[in-house]
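Below is one structure; the comments refer to it alone.
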2 protein chains.
Amino acid sequence: MNIGQAATASGVTAKMIRYYESIGLIEPPIRTKAGYRVYTAEEIHELRFIKRARTLGFSIEEARELLALWRDKSRASADVKTFAMKHVRDLETKIGELQAMSRTLRHLAQTCHGDDRPECPILADLALPDARQPPYEKKHGKAKTHADCTCDEADTFSSRH
Amino acid sequence: MNIGQAATASGVTAKMIRYYESIGLIEPPIRTKAGYRVYTAEEIHELRFIKRARTLGFSIEEARELLALWRDKSRASADVKTFAMKHVRDLETKIGELQAMSRTLRHLAQTCHGDDRPECPILADLALPDARQPPYEKKHGKAKTHADCTCDEADTFSSRH
DNA sequence: CTTGACCTTACCATTATGGGAAGCTCCATA
DNA sequence: TATGGAGCTTCCCATAATGGTAAGGTCAAG
């Protein structure tokens, strides 16, 4: 199988197959005298494995570890499970973050008239002097006092539902 | 305010402030004779606006558009709302994708014994010959017949957990 | 004056992927 | 057989947003 066929058979583009080879995620396949890469069924299988891992949100490095576990016929399923659950937690953390963003924006949008007047709580929130934003730690109090922002009011619309 | 102070005051790193300037997201501030950037309260405010937009998941380009709307005192709040809701939809699409991944993995992990035996439905699934994966369309059926994958067994561990 | 914190620019790295150019190969068909 | 086009090769560039580092200038305090 040429790289093009391998690509359609695995769902990984030819570009990516070459890339995976270049970073050592897969072994360099044999070549024809002309230099064409030739893939075995085994290798296609491996590519499909990688594709599936990527589809499930594993990074390439994580896919590398999964491949290693897959190849190691004596791995303990516990190791795989632990690895998978770690990833699930990562995914859920990310989901939580996105949901927080979505929720906040939805709230703001809800209070926005959405007509042709310029007043807009969404922009107003974005322009808020601060509050609810990650606490920016001041390092060693060097900051000239003239620096304090004269902003005051703050969380006019603050997102805590 | 020097860039360092601007950074702590806005929550945007000095590195990023310079970057935003380089891509024209913010205007170049005035400089001291020594070449140090000096920021006004106005500019800090703008940086905070950007920071907040980024925190809500807007891309830099989106932040640019939001800034434009913010500066345009005659914008219609409807425009802002539309923009925000579009972003909410994007966020929710992403959330849905992540949830699908998480769900799938959770299921697999559930059926995995997680002991020291090697049998693992998670790896078995990753190694599945295909199914439920995005249908890879074959382009113009050029594929040499010798190309058909002789893969058969494939799922040595398939889900018969 | 020295020292240390801070500033400047410039360059490199990251993650995963796509795009394109220049040039060779393979094969079917005219 | 010659040709054309699809497909292969390598190499380089770009993306998004950020971090890191190096080499060197500056500012303020001791």
Side-chain angles (χ1 to χ4, degrees), chain A residues 1-26 28-39 47 50-65 87 90 94 97 134 138-147, chain B residues 1-26 28-39 47 50-65 87 90 94 97 134 138-147:
Chain A
M1 261 193 179
N2 277 347
I3 201 170
Q5 269 108 46
T8 19
S10 67
V12 179
T13 65
K15 210 75 205 256
M16 280 300 105
I17 296 178
R18 293 195 196 95
Y19 174 64
Y20 291 163
E21 180 187 329
S22 84
I23 62 171
L25 180 59
I26 56 177
I30 58 168
R31 305 270 192 140
T32 63
K33 323 100 235 162
Y36 283 24
R37 288 173 179 80
V38 178
Y39 295 90
L47 282 169
I50 293 168
K51 173 68 178 183
R52 176 81 176 128
R54 298 280 304 118
T55 298
L56 288 175
F58 288 97
S59 72
I60 288 187
E61 285 316 306
E62 287 167 334
R64 195 192 293 275
E65 299 188 55
H87 183 52
D90 290 350
K94 190 54 170 264
E97 292 168 1
K138 300 202 135 59
K139 7 203 84 166
H140 40 72
K142 185 78 182 305
K144 302 281 152 49
T145 33
H146 85 270
Chain B
M1 261 197 182
N2 277 348
I3 201 169
Q5 269 109 48
T8 20
S10 68
V12 179
T13 65
K15 207 77 204 256
M16 280 300 104
I17 296 178
R18 294 195 196 96
Y19 174 64
Y20 291 163
E21 180 186 330
S22 83
I23 62 171
L25 181 60
I26 57 177
I30 57 168
R31 305 269 193 139
T32 63
K33 325 100 233 164
Y36 283 25
R37 289 172 179 79
V38 177
Y39 296 89
L47 283 169
I50 294 168
K51 173 67 178 184
R52 176 82 176 127
R54 299 280 303 118
T55 299
L56 287 175
F58 288 98
S59 71
I60 288 187
E61 284 317 305
E62 288 166 335
R64 194 193 294 276
E65 299 188 56
H87 183 53
D90 290 349
K94 190 53 169 268
E97 291 167 1
K138 300 204 137 58
K139 7 204 81 163
H140 41 70
K142 186 76 180 306
K144 301 285 150 49
T145 33
H146 86 269

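Every chain is numbered from 1 and lettered A, B, ... according to where its sequence line falls, protein lines coming before strand lines.
When all heavy atoms are compared, the tightest approach of A:G57 to A:E62 is O-OE1, 4.2 Å. Here the closest heavy-atom approach between residue B:A63 and residue B:F58 is recorded as N-CB, 4.4 Å.
Between A:K51 and A:M16, the closest side-chain pair of non-hydrogen atoms is not below 4.5 Å. A heavy-atom distance below 4.5 Å is found between the side chains of B:Y39 and B:I3. A:L47 is listed as a side-chain neighbour of A:Y20, based on a closest heavy-atom distance under 4.5 Å. Within the 4.5 Å cutoff, the side chain of A:R37 has no heavy atoms near those of the A:M1 side chain. When side chains are defined from C-beta on, B:R31 does not count as touching B:V38, because their heavy atoms never get closer than 4.5 Å. A heavy-atom distance below 4.5 Å is not found between the side chains of A:Y19 and A:V12.
Scanning residues 29-38 of chain A for heavy-atom distances under 4.0 Å to DNA chain D yields A:R31, A:G35, A:Y36, A:R37.
Distance B:N2 CG to D:dC27 P: 10 Å, rounded to the nearest Å. Atom CD in B:E62 sits about 12 Å away from atom C1' in D:dA16, given to the nearest Å. One atom, CZ of B:R64, and another, P of D:dA17, lie 10 Å apart when rounded to the nearest Å. Residue B:I23 contributes atom CD1, which lies 12 Å from atom C1' of D:dT18 at whole-angstrom precision. B:I17 has its CD1 atom 14 Å from the P atom of C:dC6, to the nearest Å. Distance, A:Q5 CD to D:dC8 P: 7 Å, rounded to whole Å. Taking atom OH of residue A:Y19 and atom P of nucleotide D:dC12, one finds them 16 Å apart after rounding to whole Å. Atom pair A:Y20:OH and C:dT15:C1' shows a separation of 11 Å (rounding to whole Å applied).
Every residue two or more places apart in sequence or in another chain was checked for a salt bridge (charged side-chain N to carboxylate O under 4.0 Å, His left out) with B:E97, and none qualifies. Residues satisfying the salt bridge (charged side-chain N to carboxylate O under 4.0 Å, His left out) test with B:R54, not counting sequence neighbours, are none. Legend: residues meeting salt bridge (charged side-chain N to carboxylate O under 4.0 Å, His left out) with B:E61, ordered by chain and number and at least two apart, are B:R64.
Nucleic acid contact class of A:R18 (heavy atoms, under 4.0 Å, all strands): base.
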Table of protein N/O atoms under 3.5 Å from nucleotides 19-21 of chain D N/O atoms:
residue: D:dG19; atom: OP2; partner: B:T13; partner atom: OG1; Å: 3.4
residue: D:dG20; atom: N7; partner: B:K15; partner atom: NZ; Å: 2.4
residue: D:dG20; atom: O6; partner: B:K15; partner atom: NZ; Å: 2.0
residue: D:dT21; atom: O4; partner: B:K15; partner atom: NZ; Å: 3.2

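Ranking C:dA16, D:dT18, D:dC8 by closeness to the A:R54 side chain, first place goes to C:dA16.
Taking five base pairs at each end of the helix from C:dC1-D:dG30 to C:dA30-D:dT1 and finding the rotation axis that steps the C1' atoms of four pairs onto the next four gives two axes whose angle is 30°, to the nearest 10°.
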